[in-house]
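All residue numbers in this chain count up from 1 along the given sequence. In this text the structure is predicted, and so the values were computed from the model without any measurement.
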Amino acid sequence: MRVNKSFAYYNEIDPYAAQWLRNLIDAGHIAPGVVDERSIEEVQADELREFTQCHFFAGIGGWSLAARLAGWPDDEPLWTGSCPCQPFSAAGKQRGTSDERHLWPAFFRLISECRPPAVAGEQVASRLGYEWLAGIRSDLESEGYAVGAVDLCAASVGAPHIRQRMWWVADANYQRLHGEHPLLHGEEPGRITEDSPEAAGSRSECSRLADSRRISDECGSGLGEAQGADRKAQSERDQREWGGADPWRGRFIYCADGKARRLEPSIEPLAHGVSNRVGRLRAYGNAIVPQVAAEVLKAWRL
């Protein structure tokens with residue numbers, strides 16, 4: 001089907017997230033376009049040539065929103081793809097490239113056949129994640145792309161959680177390499193290691209946030225038996241610590257162990273029989289933080 005060049009293509013296999021994307025498109029929150037629920041392995045290059053932007057593993061549209069936050073027009077070419085992190089996450093089985101969810105080869109096939117001028121993505125910042133980055137750099141550079149990467153956490157844009165991720169960009173425009181681009185300029189463009197100053201600074205900020213949240217939890221300990229005024233006073237202290245002008249402000253719940261834990265904005269705790277919450281939490285868990293992605297895109301376009 002031929003569509004207007006200003007349209008975006010979203011590829012998302014989860015039906016719940018796919019419908020969420022359609023709702024966001026209808027509401028005008030992300031670039032107008034179409035949603036394809038097929039596996040990326042079934043998508044053919046010829047089907048993508050009429051689209052200006054293509055967002056793979058689209059989730060709930062975080063990359064499209066990030067592009068808008070960064071001032072990237074809907075009609076300016078951009079491909080994005082946050083490949084599944086489960087094969088490379090420390091929380092999983094860590095099977096790496098032998099995991100069937102390692103879908104970079106399918107994504108790279110489409111990139112190499114369509115040759116988009118700008119590609120961006122994100123991956124978990126783990127040992128296996130860095131090995132994954134080395135592999136995609138080799139693939140993309142073999143196709144003439146300049147590749148850069150940076151290790152950032154959500155706390156770097158003021159979010160109340162860590163969510164450490166590795167962000168990468170691939171640029172086919174060689175003229176950009178002659179400028180002072182933070183993500184592409186240097187002796188070895190984009191080579192960010194776990195020991196690099198950039199990663200150390202980011203992790204330092206994230207460690208500070210983790211300490212703050214640990215202290216907050218400890219302040220909430222012993223509330224299992226607290227009643228009335230004591231509970232209200234603790235809640236007020238928690239809200240003062242995380243409230244005010246904080247755009248990420250959420251609510252606290254008091255858990256069975258007596259500690260107060262902060263909920264992310266608009267996320268409800270799981271409850272038996274409330275299936276839509278499972279879908280929401282899965283979508284949130286797989287989503288990027290658009291504000292971080294926006295900063296990466298802004299730096300790239302300097």
Side-chain angles (χ1 to χ4, degrees), residues 1-69 72 74-75 77-89 92 99-111 113-114 116 119-124 163 165 167 264-268 270 273-294 297:
M1 179 182 67
R2 297 180 64 86
V3 297
N4 187 288
K5 285 286 286 184
S6 66
F7 271 57
Y9 169 86
Y10 299 89
N11 183 260
E12 173 53 54
I13 196 171
D14 184 337
Y16 187 91
Q19 185 55 50
W20 199 330
L21 283 169
R22 295 185 182 98
N23 295 342
L24 291 171
I25 292 170
D26 291 342
H29 296 310
I30 58 178
V34 298
V35 180
D36 182 359
E37 295 185 36
R38 293 176 299 165
S39 166
I40 188 175
E41 295 176 303
E42 300 176 31
V43 180
Q44 301 302 313
D46 287 342
E47 301 176 89
L48 305 174
R49 301 191 190 281
E50 295 299 323
F51 295 97
T52 302
Q53 295 191 0
C54 293
H55 302 288
F56 296 90
F57 318 105
I60 54 176
W63 273 109
S64 181
L65 175 59
R68 286 187 166 186
L69 292 174
W72 197 297
D74 291 345
D75 59 357
L78 176 66
W79 277 34
T80 70
S82 295
C83 293
C85 66
Q86 290 86 348
F88 310 98
S89 172
D99 194 304
E100 63 181 7
R101 293 168 294 184
H102 172 51
L103 293 175
W104 167 253
F107 189 21
F108 179 62
R109 169 180 59 83
L110 296 173
I111 293 172
E113 292 180 15
C114 293
V119 189
E122 164 261 5
Q123 184 55 269
V124 62
R163 202 168 183 81
R165 292 294 185 270
W167 306 83
E264 303 304 336
S266 76
I267 298 180
E268 300 293 338
L270 292 174
V274 188
S275 59
N276 67 317
R277 291 184 185 173
V278 176
R280 288 173 63 194
L281 289 174
R282 183 172 65 247
Y284 287 138
N286 289 329
I288 67 167
V289 177
Q291 289 81 357
V292 183
L297 293 178

**OP:** Tell me whether the centres of the aromatic rings in Trp63 and Trp167 are closer together than 6.0 Å.
**Re:** yes
Is any side-chain heavy atom of Trp20 less than 4.5 Å from a side-chain heavy atom of Glu12? no
Rounding to 0.5 Å, atoms CD (Gln44) and CZ (Arg49) come to a distance of 10.5 Å
- Task: Taking the side chain as every heavy atom from C-beta outward, state whether Arg165 and Ile288 have any pair of such atoms under 4.5 Å apart.
- Result: no
For Gln53 and His55 the tightest heavy-atom approach is OE1-NE2, 3.2 Å
**Message:** A side-chain contact here means heavy atoms from C-beta on lying under 4.5 Å apart; do Arg68 and Asp74 qualify?
**Reply:** yes
- Query: Between Leu24 and Tyr10, is any pair of side-chain heavy atoms under 4.5 Å apart?
  - Reply: no
To the nearest 0.5 Å, atom CG of Asp36 lies from atom CZ of Phe51 at 8.5 Å
With side chains defined as the heavy atoms from C-beta onward, is the minimum distance between Pro116 and Leu78 less than 4.5 Å?
no
Original post:
Can you check salt bridge (charged side-chain N to carboxylate O under 4.0 Å, His left out) on Glu37 and Arg22, steps first, answer last?
Top reply: CA-CA 11 Å; Glu37 295 185 36; Arg22 295 185 182 98; 3.0 Å; yes
d(Phe107 CZ, Ile40 CD1) to nearest 0.5 Å is 6.0 Å
Residues passing the salt bridge (Lys or Arg N to Asp or Glu O under 4.0 Å) test with Asp26, sequence neighbours excluded, are none
**Donor-acceptor contact present, side-chain Asn11 to main-chain Arg38, <3.5 Å** = yes
Between Gly33 and Phe7 the two heavy atoms that sit nearest each other are CA-CD2, 3.5 Å
Rounded to the nearest 0.5 angstrom, the NE2-CD1 distance for His29 and Ile60 is 12.0 Å
Between the OG atom in Ser82 and the CZ atom in Phe57, the distance rounded to the nearest 0.5 Å is 9.0 Å
